[in-house]
**Q** 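After the structure tokens below, expect a handful of questions from me.
Atoms considered below: every heavy atom in the structure, side chains included; atoms not considered: hydrogens, waters and symmetry mates.
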Amino acid sequence: MKKILIVVLFFQLSHLFAQNDSIKVTNLLQSIKIQQVLDLNYNAMYKAEFAKIDSIFISNAIPIDTLHKNVFRNLIKDHFKKVSEVSTTKMFYSLLDLGNTKIEEINSFSKSTNDIETLYTKTGIFNLLSPILSSDYYEYQQLLEGFIESTKQYDKDLMLKLTIDNKVITDYSKINFEFYLHTSNKKYKKIKVLNKKTGAIELPTDLKNEEIEFVSVLYKGKEEDFFNPRMNPTFKKLNLQKEQFLSMDPFKPDCFGKSRLWKIEIIEDSKIILDRIIQEENDIKEKVFNFMSITICFEAYTYNFLPKK
């Protein structure tokens, strides 16, 4: 019985110390002005990237005008603003991992100087911050192509790019294919939205963005749902807290507005399936006869395979 009490007491004390460390780190983040430092760094990244705008626009055939410049500026500015919020959390856990003694040491030193550069160098904070900044800039570079594509397509129609066995389809009238939108709007419960002549995705003007629920694709008589929250709870509408960065809702207003190109890829050729290593890359247990993926807002959030008849 005595052993049990000792274990319980030790657990309670450990939990209390962990709570105390968390409070100390939260206060420490304020005293080392982490949010201001992050904002300065990301603002410098943003300005450096925006300075390249003319060369980026020329190489990607984007009109160098106020409209497209503002679109690109807002995309990268919003990106770095969100990243700054996430990085504060990363720094919180990095400092917490240092332990109580080091936290106290940094806290004590922070009270003895107003020189941020000295504080960050002498206490090792810079060593914690540097890899975070490097990682975030690398992430930006990976997303840059998407930002450029969004800027390029901004004033154009929402389009569908369908690829079958690595060939882009330009004439939808020659294939057995339909693209449906499912909504909570009683007037448009399930509607065809693909203009087969132009490839444009045409949405009713009186349909609200928040009413879009999921999409489905009909191909060769078989219909598949994508982003359906009833089949996959990942895609439920999320009430995001301010500090949360990623939403798995492909139809959220900001995502829907930025990406003007939706992509669908279908592969039926067994050789292409084998060459692309689709089964391994997508962790599909069954043999893949036909593969279908759909991309909305830069990323292919889901995939499906169609059993051979």
**Q** Who else is in Y180's hydrophobic cluster (ILVMFWY, side-chain heavy atoms under 4.5 Å, direct or via others)?
**A**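 L218, all in the cluster of Y180.
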**Q** For atom NZ of K102, decide whether the heavy atoms of other residues, nucleotides or ligands shown that lie under 6.0 angstrom number more than 12.
**A**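 Correct, the count exceeds 12.
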**Q** Measure the shortest side-chain to side-chain distance between L162 and I175 over non-hydrogen atoms and say whether it is less than 4.5 angstrom.
**A**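 They are in contact (side-chain heavy atoms under 4.5 Å apart), so the answer is yes.
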**Q** Closest approach of I56 and S59, non-hydrogen atoms and distance?
**A**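 Looking at all heavy atoms of both residues, the closest pair is O-OG, 3.1 Å.
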**Q** Run the side chain to side chain donor-acceptor pair (under 3.5 Å) test against K111 and tell me which residues pass, sequence neighbours left out.
**A**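 With sequence neighbours excluded, K111 shows a side chain to side chain donor-acceptor pair (under 3.5 Å) to no residue whatsoever.
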**Q** Measure the NZ-NZ distance between K82 and K77 for me, rounded to the nearest 0.5 Å.
**A**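 If we round to the nearest 0.5 Å, K82:NZ and K77:NZ are 14.5 Å apart.
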**Q** Go through the structure and list residues passing side chain to side chain contact (heavy atoms under 4.5 Å, CB included) with K167, not counting sequence neighbours.
**A**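 Not a single residue meets the side chain to side chain contact (heavy atoms under 4.5 Å, CB included) criterion with K167.
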**Q** Begin from the C-alpha positions of L38 and L129 and carry the test side chain to side chain contact (heavy atoms under 4.5 Å, CB included) through to its verdict.
**A** CA-CA 9 Å; L38 285 170; L129 181 61; 3.6 Å; yes
**Q** Would you compute the distance between atom OH of Y46 and atom CG of L75 and round it to the nearest 0.5 angstrom?
**A**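 Reported to 0.5 Å precision, the distance equals 11.0 Å.
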**Q** Is a donor on one side and an acceptor on the other found under 3.5 Å between the side chain of N60 and the backbone of I62?
**A**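 Pair absent, no side-chain N/O of N60 close to backbone of I62.
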**Q** Any chance you could lay out the side chain to side chain contact (heavy atoms under 4.5 Å, CB included) test for L95 and I32, step after step, and finish with the verdict?
**A** CA-CA 12 Å; L95 288 168; I32 65 174; 4.2 Å; yes
**Q** Among residues at least two apart in sequence or on other chains, which ones pass ring pair (Phe, Tyr, Trp, His ring centres under 6.0 Å) with F179?
**A**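 Partners of F179 by the ring pair (Phe, Tyr, Trp, His ring centres under 6.0 Å) criterion come out as none, since no residue qualifies.
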**Q** For L207 and T183: C-alpha separation, side-chain torsions, deciding distance, then whether side chain to side chain contact (heavy atoms under 4.5 Å, CB included) applies.
**A** CA-CA 9 Å; L207 178 66; T183 81; 3.9 Å; yes
**Q** Answer yes or no: does atom CD of E104 have more than 12 heavy-atom neighbours from other residues, nucleotides or ligands under 6.0 Å?
**A**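 Yes, enclosed.
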**Q** Distance from I53 atom CD1 to I64 atom CD1, nearest 0.5 Å?
**A**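 Interatomic distance, I53 CD1 to I64 CD1, rounded to 0.5 Å: 8.5 Å.
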**Q** Could K271 and D275 be called an ion pair, given the rule that one side-chain N must be under 4.0 Å from one carboxylate O?
**A**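 Yes, K271 and D275 are salt-bridged.
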**Q** Which residues satisfy the side chain to side chain contact (heavy atoms under 4.5 Å, CB included) test with S31, sequence neighbours excluded?
**A**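 In terms of side chain to side chain contact (heavy atoms under 4.5 Å, CB included), with neighbours along the sequence ignored, S31 is linked to L28, N107, S110.
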**Q** Looking at residues at least two apart in the chain, or sitting in another chain, which of them share a side chain to side chain donor-acceptor pair (under 3.5 Å) with N166?
**A**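 N166 satisfies side chain to side chain donor-acceptor pair (under 3.5 Å) with no other residue.
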**Q** Contact between K220 and E268 at the side-chain level, heavy atoms closer than 4.5 Å - yes or no?
**A**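 Yes - at least one pair of side-chain heavy atoms lies under 4.5 Å apart.
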**Q** Taking all non-hydrogen atoms of both residues into account, name the closest pair between F50 and R73 and its distance.
**A**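 F50 and R73 have their closest heavy atoms at CZ-NH2, 3.2 Å.
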**Q** Heavy-atom distance under 4.5 Å between the side chains of I106 and L98, does that happen here?
**A**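 In short, these two side chains touch, coming nearer than 4.5 Å.
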**Q** Can a side-chain donor-acceptor contact be found between D115 and T113 if the only test is distance below 3.5 angstrom?
**A**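 Side-chain D/A pair, T113 to D115: absent.
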**Q** Less than 4.0 angstrom from a charged side-chain N to a carboxylate O is my criterion; do E224 and K222 meet it?
**A**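 K222 and E224: salt-bridged.
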**Q** Give the intermediate values and the outcome of salt bridge (charged side-chain N to carboxylate O under 4.0 Å, His left out) for residues D54 and K69.
**A** CA-CA 9 Å; D54 283 1; K69 280 189 174 184; 3.7 Å; yes
**Q** Any donor and acceptor pair, going by atom type alone, linking the side chain of K196 with main-chain N or O of F177 inside 3.5 Å?
**A**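 Such a contact is found between K196 side chain and F177 backbone.
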**Q** Do other residues, nucleotides or ligands put more than 12 heavy atoms under 6.0 Å from D171 CG?
**A**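 More than 12 heavy atoms, drawn from other residues, nucleotides or ligands, come within 6.0 Å of this atom.
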**Q** Which distance, rounded to the nearest 0.5 Å, do you find between the CG of L40 and the CD1 of I116?
**A**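 CD1 of I116 is found 9.5 Å from CG of L40.
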**Q** Going by atom types alone, do Y172 and E178 pair a side-chain donor with an acceptor below 3.5 Å?
**A**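 Side chains of Y172 and E178: no pair found under 3.5 Å.
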**Q** Taking ring-ring contact (aromatic ring centres under 6.0 Å, His included) as the cut-off, I'd like each qualifying pair that reaches into residues 85-112, sequence neighbours left out, listed once.
**A**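 Those involving residues 85-112 do not exist here.
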**Q** With sequence neighbours excluded, tell me which residues meet ring pair (Phe, Tyr, Trp, His ring centres under 6.0 Å) with Y188.
**A**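 For Y188, no residue satisfies ring pair (Phe, Tyr, Trp, His ring centres under 6.0 Å) once neighbours in sequence are set aside.
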**Q** Which residue pairs satisfy the side chain to side chain donor-acceptor pair (under 3.5 Å) criterion with at least one member in residues 122-134, sequence neighbours excluded?
**A**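 Pairs touching residues 122-134 that pass the test: none.
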**Q** Would you call D78 and I76 a side-chain contact if the rule is heavy atoms closer than 4.5 Å?
**A**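 SC-SC contact between D78 and I76 ruled out.
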**Q** Whether the side chain of T121 engages the backbone of E117 through a donor-acceptor N/O pair (distance < 3.5 Å, no angle test) should be reported.
**A**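 Pair found, side chain donor or acceptor close to backbone of E117.
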**Q** Tell me if the NZ atom of K197 is crowded by more than 12 foreign heavy atoms within 6.0 Å.
**A**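 Incorrect, the count does not exceed 12.
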**Q** To the nearest 0.5 Å, how far apart are OG in S112 and CG in L119?
**A**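 With rounding to 0.5 Å, OG (S112) is 8.0 Å from CG (L119).
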**Q** Side chains of I294 and F227: closer than 4.5 Å at any heavy-atom pair?
**A**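 Side chain of I294 against side chain of F227, heavy atoms only: contact under 4.5 Å found.
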**Q** For the side-chain contact (heavy atoms from CB on, under 4.5 Å) test, which of N70, L67, N74, V71 pairs with T151?
**A**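 Running side-chain contact (heavy atoms from CB on, under 4.5 Å) over N70, L67, N74, V71 with T151 returns exactly one hit, V71.
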**Q** List for me each residue that meets side chain to side chain contact (heavy atoms under 4.5 Å, CB included) alongside D136, sequence neighbours excluded, and say none if there are none.
**A**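 D136 satisfies side chain to side chain contact (heavy atoms under 4.5 Å, CB included) with Y42, V83, S87, K90, I132, E139 only.
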**Q** Check whether any side-chain heavy atom of N100 sits under 4.5 Å from a side-chain heavy atom of K24, and report yes or no.
**A**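 Side chain of N100 against side chain of K24, heavy atoms only: contact under 4.5 Å found.
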**Q** Identify, with sequence neighbours excluded, every residue that meets ring pair (Phe, Tyr, Trp, His ring centres under 6.0 Å) alongside H182.
**A**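 Result, ring pair (Phe, Tyr, Trp, His ring centres under 6.0 Å) vs H182: F214.
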**Q** Is any side-chain heavy atom of W262 closer than 4.5 Å to a side-chain heavy atom of K161?
**A**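 Result no, sub-4.5 Å side-chain heavy-atom pair not found.
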**Q** Taking only residues two or more places apart in sequence or in another chain, which ones pass side chain to side chain contact (heavy atoms under 4.5 Å, CB included) with S184?
**A**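 By the side chain to side chain contact (heavy atoms under 4.5 Å, CB included) rule, S184 matches E211, E213.
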**Q** Quick one: CZ on F57 to NZ on K52, what's the gap to the nearest 0.5 Å?
**A**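 It comes to 14.0 Å.
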**Q** Using only heavy-atom distances, determine whether the side chains of S216 and E223 contain a donor-acceptor pair under 3.5 Å.
**A**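 Indeed, the side chains of S216 and E223 share at least one donor-acceptor pair under 3.5 Å.
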**Q** What are the two closest non-hydrogen atoms of D206 and N185, and how far apart are they?
**A**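 Looking at all heavy atoms of both residues, the shortest contact is O-ND2, 4.2 Å.
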**Q** Determine, stepwise, if the pair E149 / K152 fulfils salt bridge (charged side-chain N to carboxylate O under 4.0 Å, His left out).
**A** CA-CA 5 Å; E149 185 63 30; K152 192 174 185 178; 5.4 Å; no
**Q** Which pair of non-hydrogen atoms, one from Q35 and one from S84, has the smallest distance, and what is that distance?
**A**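 The pair with the smallest heavy-atom distance is NE2-OG, 2.8 Å.
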**Q** Minimum heavy-atom separation for N176 to G221, with atom names?
**A**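 N176 and G221 have their closest heavy atoms at ND2-N, 3.5 Å.
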**Q** A side-chain contact here means heavy atoms from C-beta on lying under 4.5 Å apart; do I266 and D165 qualify?
**A**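 No. Closest side-chain heavy atoms not under 4.5 Å.
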**Q** For L133 and M45, work out which heavy atoms get closest and say how close.
**A**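 Heavy atoms of L133 and M45 come nearest at O-CE, 3.7 Å.
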**Q** Checking side chain to side chain contact (heavy atoms under 4.5 Å, CB included) for the pair V217/D225: CA distance, chi angles, key distance, verdict?
**A** CA-CA 7 Å; V217 175; D225 289 351; over 6 Å; no
